[in-house]
Amino acid sequence: QVQLVESGGGLVQSGGSLRLSCAASGVFFSINDMGWYRQAPGKQRELVAGYFSGGSIKYADSVKGRFTISTGNAKNTVFLQMNSLKPEDTAVYYCHILGRDFGREYVYWGQGTQVTVSS
């Protein structure tokens with residue numbers, strides 16, 4: 001069973017930093033995309049940062065220069081270093097993977113971790 005376990009969310013003051021971690025286990029397919037999305041109350045879920053097939057890395061314009069996505073030494077782990085946090089970064093952050101195997105596509109989401117930035 002594929003599981004994505006996230007950690008690292010919390011409450012921080014504006015200008016502070018947090019580091020999110022995601023570890024995927026039980027993965028039986030090749031991962032094409034891996035990254036982070038977020039959803040604020042009343043808003044649609046949006047891409048924050050991710051690795052995509054072909055080797056590209058994408059960031060939301062609103063986080064460029066402040067957030068950094070990286071992978072760990074352990075297989076299927078991804079991190080999100082968030083610096084200079086702003087109140088508008090407040091959201092539930094979700095880890096996401098997409099993969100393909102024998103013509104089938106697999107999409108998995110983590111349970112989400114709350115990030116709250118106070119002004």
Side-chain angles (χ1 to χ4, degrees):
Q1 181 179 1
V2 177
Q3 286 189 317
L4 276 62
V5 178
E6 303 143 337
S7 62
L11 173 64
V12 66
Q13 288 189 332
S14 181
S17 298
L18 285 173
R19 179 176 170 88
L20 304 183
S21 302
C22 174
S25 61
V27 178
F28 58 89
F29 48 83
S30 297
I31 296 177
N32 296 90
D33 305 342
M34 189 169 192
W36 295 91
Y37 288 71
R38 68 185 179 186
Q39 188 166 19
K43 294 188 177 182
Q44 289 188 330
R45 191 171 296 189
E46 63 175 359
L47 172 69
V48 178
Y51 294 93
F52 294 89
S53 57
S56 65
I57 301 174
K58 298 179 183 178
Y59 289 93
D61 288 342
S62 60
V63 307
K64 284 180 181 176
R66 301 187 298 121
F67 292 10
T68 304
I69 190 170
S70 62
T71 56
N73 292 328
K75 191 177 180 181
N76 298 335
T77 59
V78 65
F79 305 96
L80 185 68
Q81 179 65 42
M82 305 186 294
N83 298 329
S84 302
L85 282 160
K86 304 175 181 181
E88 50 264 43
D89 294 318
T90 295
V92 178
Y93 284 69
Y94 297 92
C95 183
H96 166 267
I97 62 172
L98 181 150
R100 297 180 179 88
D101 192 36
F102 296 104
R104 290 191 61 182
E105 186 173 277
Y106 299 89
V107 180
Y108 291 91
W109 295 91
Q111 79 281 3
T113 185
Q114 177 70 46
V115 171
T116 302
V117 184
S118 63
S119 57

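In this chain, residues are counted from 1 in sequence order.
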Problem set entry | Considering all heavy atoms, the nearest T77-F79 contact | OG1-CE1, 4.2 Å
For this session: Verify side chain to side chain contact (heavy atoms under 4.5 Å, CB included) between W36 and H96, making sure each step is shown before the conclusion.
Result: CA-CA 6 Å; W36 295 91; H96 166 267; over 6 Å; no
Exercise. When you check the side-chain N and O atoms of T116 and Q114, is any donor under 3.5 Å from an acceptor?
Worked result: yes
For this session: Please report the shortest heavy-atom distance between R38 and S62, naming the atom on each side.
Result: NH2-OG, 3.3 Å
Problem set entry | Heavy atoms of other groups near Q13 CD, more than 12 under 6.0 Å | no
Exercise. Are V78 and C95 side-chain neighbours, meaning at least one heavy-atom pair lies under 4.5 Å?
Worked result: yes
Problem set entry | Lys/Arg cation over aromatic F29: R100, 6.0 Å, 45° cone | no
Exercise. Linking I/L/V/M/F/W/Y whenever their side-chain heavy atoms sit closer than 4.5 Å, directly or via other members, would V2 and Y106 fall into one cluster?
Worked result: yes
Exercise. Does one hydrophobic cluster hold both V107 and Y94, with members joined at side-chain heavy-atom distances below 4.5 Å?
Worked result: yes
Seminar exercise, completed: Closest non-hydrogen atoms of I69 and M34, given as atom of the first, atom of the second and distance, are CD1-O, 4.1 Å
Exercise. Measuring from S30:OG to D101:CG, what's the distance to the nearest 0.5 Å?
Worked result: 6.5 Å
For this session: Apply the test ring-ring contact (aromatic ring centres under 6.0 Å, His included) to residues W109 and Y37: give CA-CA distance (whole Å), side-chain angles for both, the deciding distance (0.1 Å), then the verdict.
Result: CA-CA 9 Å; W109 295 91; Y37 288 71; 5.1 Å; yes
Seminar exercise, completed: Minimal heavy-atom distance between T113 and E6, with the atoms involved, is N-OE1, 3.8 Å
Exercise. Taking side chain as C-beta onward, heavy atoms only, is R66 less than 4.5 Å from D89?
Worked result: yes
Problem set entry | Spacing of L18 atom CG and M82 atom CE [to the nearest 0.5 Å] | 4.5 Å
Problem set entry | Minimum heavy-atom distance between N83 and S17, given as atom pair plus value | OD1-OG, 2.9 Å
Exercise. Under the 3.5 angstrom rule, does the side chain of T90 hit a backbone N or O of V117 as a donor-acceptor pair?
Worked result: yes
Problem set entry | Hphob cluster co-occupancy, V92 + L20, side-chain heavy atoms under 4.5 angstrom | no
For this session: Enter the distance from Y51:OH to K58:NZ here, rounded to the nearest 0.5 Å.
Result: 14.5 Å
Problem set entry | Considering all heavy atoms, the nearest A49-L80 contact | CB-CD1, 4.0 Å
Exercise. Between OH of Y93 and CZ of R45, what distance do you get to the nearest 0.5 Å?
Worked result: 13.0 Å
Exercise. Once you round to the nearest 0.5 Å, how far does CD1 of I97 lie from CG of D33?
Worked result: 10.0 Å
Exercise. How many angstroms lie between CG in L47 and OH in Y59, if you round to the nearest 0.5 Å?
Worked result: 10.5 Å
Exercise. Given side chains that start at C-beta, do those of F52 and I57 come closer than 4.5 Å, heavy atoms only?
Worked result: no
Exercise. Does the pair K64/D61 count as a salt bridge with the N-to-O cut at 4.0 Å?
Worked result: yes
